[in-house]
Novice: 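Take a look at this one; I'll ask things after.
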Amino acid sequence: MDRTVPRKPRPGGTIADAPGAQAGTCVESFVGGPWSLPWSPTACALARTVIRDVLPHWGLGDLVPTAELLVSELVSNALRHASGPLRLTLERVSDLRCLVSDGTSEPPRPADAGPEDENGRGLALVDMLAARWGCEYGPEGKSVWFELPEAAYTPDLGAKGRRRQRDNRYHGR
């Protein structure tokens, strides 16, 4: 799947703070959040709880395990490398987009973790499992995001040793 195409502007639609949106409701889009997350290890658990609560209501229950893993990685990275405020936003049109926002403008930097390293694999997991991911900058920091398609998606696990290009907004501003 091509990860280099910028996301087109979304049409207007129903906004749901979540989990009030009902599966099967005929709307153009859903937006949930932003939810404020604490600067503590509990932030990852809270983000996973939001994923478990919202996605089934949007008819995306099959995406919960992957979305939980990836949101945990992005929140962990923010806690380790950024500063507040920390927020989670979910969007749905034809796919799921999960954004983790923080108050810094430093871009995420994928690491080349060795076999004995305990850290440094989070963005590699995001790159492997998400259909697309990237970073957007705003007036109050940045949002690192990933997308999971509603339809079945099989990640390209044969890409060992080569880096995929991220969304063009990832590199610089």
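Keep in mind that the numbers below use all heavy atoms, side chains included, and drop hydrogens, waters and symmetry copies.
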Novice: What's the spacing between L129 CG and L70 CG if we round to 0.5 Å?
Specialist: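 Interatomic distance, L129 CG to L70 CG, rounded to 0.5 Å: 5.5 Å.
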Novice: How close do W58 and R92 get, counting heavy atoms only, and between which atoms?
Specialist: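 For W58 and R92, the tightest heavy-atom pair comes out as O-NH1, 2.7 Å.
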Novice: If you take all heavy atoms of F146 and A130, which pair is closest and at what distance?
Specialist: CB-CB, 3.8 Å
Novice: With the side chain counted from C-beta on, respond yes when F30 and L60 share a heavy-atom pair under 4.5 Å apart, and no when they do not.
Specialist: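 No; the side chains remain at least 4.5 Å from each other.
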Novice: Which heavy atom in W133 sits nearest to a heavy atom in P108, and how many Å separate them?
Specialist: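 For W133 versus P108, the nearest heavy atoms are CZ3-CG, 4.3 Å.
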Novice: Rounded to the nearest 0.5 Å, how far does SG of C98 lie from CG of L63?
Specialist: 11.0 Å
Novice: Output the distance between atom CG (L90) and atom CZ (R97), rounded to the nearest 0.5 Å.
Specialist: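 The distance works out to 11.5 Å.
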Novice: Check side-chain hydrogen bond (donor to acceptor under 3.5 Å, both in side chains) between T104 and all other residues, then give those that pass, not counting sequence neighbours.
Specialist: D102, K142
Novice: To the nearest 0.5 angstrom, please state how far the CG atom of L99 sits from the OG1 atom of T89.
Specialist: 5.5 Å
Novice: Report, one line per pair, each donor and acceptor closer than 3.5 Å where one atom sits in a side chain of residues 44-52; sequence neighbours left out.
Specialist:
unit_1 : atom_1 : unit_2 : atom_2 : d
R48    : NH1    : S72    : OG     : 2.9
T49    : OG1    : A45    : O      : 3.0
T49    : OG1    : R52    : NH2    : 3.1
R52    : NH1    : E68    : OE2    : 2.4

Novice: I would like to know whether V75 and L86 meet side-chain contact (heavy atoms from CB on, under 4.5 Å); could you show each step before the answer?
Specialist: CA-CA 8 Å; V75 171; L86 182 61; 4.2 Å; yes
Novice: Nearest heavy-atom pair of L148 and D95: which atoms, and what distance?
Specialist: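 Answer, listing the atom of L148 first, then D95: O-CB, 3.4 Å.
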Novice: For the CG atom of L79 and the CG atom of L74, what is their distance to the nearest 0.5 Å?
Specialist: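 Result: 11.0 Å between the selected atoms.
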Novice: Sequence neighbours excluded, which residues qualify as side-chain hydrogen bond (donor to acceptor under 3.5 Å, both in side chains) partners of T66?
Specialist: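 Applying side-chain hydrogen bond (donor to acceptor under 3.5 Å, both in side chains) to T66 gives none.
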